[in-house]
Structures are given as C-alpha cells and as structure tokens.
2 protein chains.
Amino acid sequence: MAKFDPDLNLIFQALSDPTRRAMLARLGKGAVPVSELARPTGLALPTVMRHLSVLEEAQLIATEKTGRTRLCRARPDTLAATADWLEEQRAIWEGRADRLEAYVMKLMEQGDAGKS
Amino acid sequence: MAKFDPDLNLIFQALSDPTRRAMLARLGKGAVPVSELARPTGLALPTVMRHLSVLEEAQLIATEKTGRTRLCRARPDTLAATADWLEEQRAIWEGRADRLEAYVMKLMEQGDAGKS
DNA sequence: ATCAAACTTAGCCATATCGCTAAGTATCAC
DNA sequence: GTGATACTTAGCGATATGGCTAAGTTTGAT
C-alpha cells in the first residue's frame, strides 16, 4: 500500500487560502478537470495550477492525467486525519472527559468504516 | 456578547507553523506566561511574540497582561469552529449519510454544552 | 534610587507565496 | 498535417513570513 503520512504544515498551509478551500469545496461535489476548476476563480491557468500543486503536495487532492485533461479529486483521508488532530486538541483544551470519550468513539468507528 | 467570527484564512495560516502548534499544545495544559512558552522553542523572544500575535489575531489564543508578565491561554471556541468546518467538508467528501448525521448530532450536543 | 526581569518596538535579511504574462508541449478534431 | 484545446514551464514583481539583533519600556525587588 502507498504510505500515507499527512504533513500538518503542508495541509494547514494549503487550507489557509480561500481559493484553495473553494476548490476543495467544489471537489466535494465530484472530480473535475483543471479548466473547470479554474473557471469560477477568474484566475490565470498557471496560477490555478500552482494552487493545485499545493493541494496535491499536501495530499488533499489527487490528480490523474488522461489525454490532454487532468482530472482532480478530493482525498477525504487526509482531511480526516486533519480533523482528528483538531478534535484531539479540542478535547484537550476543553478538558472534558466526555469530549475525549466522543473522540475515542469516533476513532473506533473510523477503524471500522474508514479503511478501504 | 463579544462578536466571535473566526477567520479561516488566519486560523489555518496560524496552524500551519509547527512552532505555533507546539505552543497551542502547551497551552492545552493550562495558561502560561510568554517567557515560559518561549523557553522550549529556543527562539528569541521577539520571534515568539510574533508567533503569539499571529495566534491571537487568529483568535486561537487570548492574552492578558498583569504587571510585567503576559499570560496566554487557549481559546477552544475558535478551534471548535475550525474543527466544525473540517468535519463539514469531510462529511461532504465522504458522501455518507451516517457521517452527516454524526456531524449534526455533534452540533446539537454543542448547542447544549458549548455555550457559556 | 537602582537594577534585573519581562516583555516590546524597530528594523534587517533570507526565503516563500500569490499573482501575472509569454512561450512551450501534447492531444484531439478535421 | 493544421489548428485548436488543455495544460505546462519559465520567469517576473509585490508582498508576506520567520528568523535575528539592538535598543527601548515597564514593573518588581532591594
């Protein structure tokens, strides 16, 4: 299997840009080619490509080229790992046993459902 | 009540630095003055101050000066809002009704427990 | 009154980021 | 094969980021 190690530096950096978050939201509705992802942004194509490569390096998306078009799709596993980090911090910060418990429960639930 | 509007740009940007995440983790164990937060980083104080101001502008921490020391504490509400955004995206990306349901349940739970 | 402690401000340097345009390369349609 | 389509690469400029040192400022202790 491919190694999956999310880098929080890259992930959060990628998420810090509204254009990229908009792209991710768009990808939530399904995989799309680069040009379609670019259209609503109004940005030049090289600029969009750059955003995409940031997202891909952060493993938030995966892309695949077929013919002359490149299809982009979201990678929920990375987002899940990120959500887990936040949830963990939240549990600690709130200092509440029930949140910690809920977090553990969710981890177990994922172990059951999240693996392919 | 004080206006609370989390800015995801600032938040994710703040979270993208490992030094700042380490500081947040440290604050999970309780409020501490600047110098104590600085010590484990090995960074110069002005550098640390800068990190702190980034965290504070993102509303991830709050600080309060008493005498000549400034005390820093975490702001779980902002982290919670961020976790919610991620959870929402995850629910969409995974395209699964049960995740969406779990998310809504959590929202309700927070509505019950999270308000001051 | 003096001195150390704990920030704080100002400013410098190196690198990274976000936008662009111009000029490639590689399909696909005819 | 000609031309259009869909990226891709190269490189520029403005601004932001993350580190530093040096020189304040404000308190607390003596």
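The shown structure was predicted, so the numbers you read here are calculated from the model rather than taken from an experiment.
- Across the protein-nucleic acid pair, B:L45 atom CG and D:dC20 atom C1' stand 13 Å apart, rounded to whole Å.
- Put simply, the side chain of B:E87 never gets that close to the backbone of A:A83: no donor and acceptor are under 3.5 Å apart.
- No donor-acceptor contact under 3.5 angstrom links the side chains of B:T78 and B:Q59, judged on distance only.
- Protein atom CZ of A:R21 is 12 Å distant from nucleotide atom P of C:dC18, rounded to whole Å.
- Atom-to-atom, CD of A:E36 to C1' of D:dC7 comes out at 15 Å; the value is rounded to the nearest Å.
- Residues A:T66 and A:T47 each lie close to DNA chain C; by heavy-atom proximity, the contact nearer the 5' end of the strand is made by A:T47.
- No hydrogens or angles were tested; on distance alone, nothing pairs the side chain of B:R68 with the base of D:dT26 as donor and acceptor under 3.5 Å.
- The nearest whole Å value for the distance from the CD atom in B:E56 to the P atom in C:dC7 is 13 Å.
- The closest side-chain heavy-atom distance from A:L15 to B:W85 is below 4.5 Å.
- For the pair A:R50 CZ and C:dA16 P, the computed distance is 11 Å after rounding to whole Å.
- B:R20 places a side-chain N or O within 3.5 Å of a backbone atom of B:Q13 that can act as its donor or acceptor partner.
- Take the nearest nucleotide of DNA chain C for A:P46 and for A:S16: the residue whose nucleotide is more 5' is A:S16.
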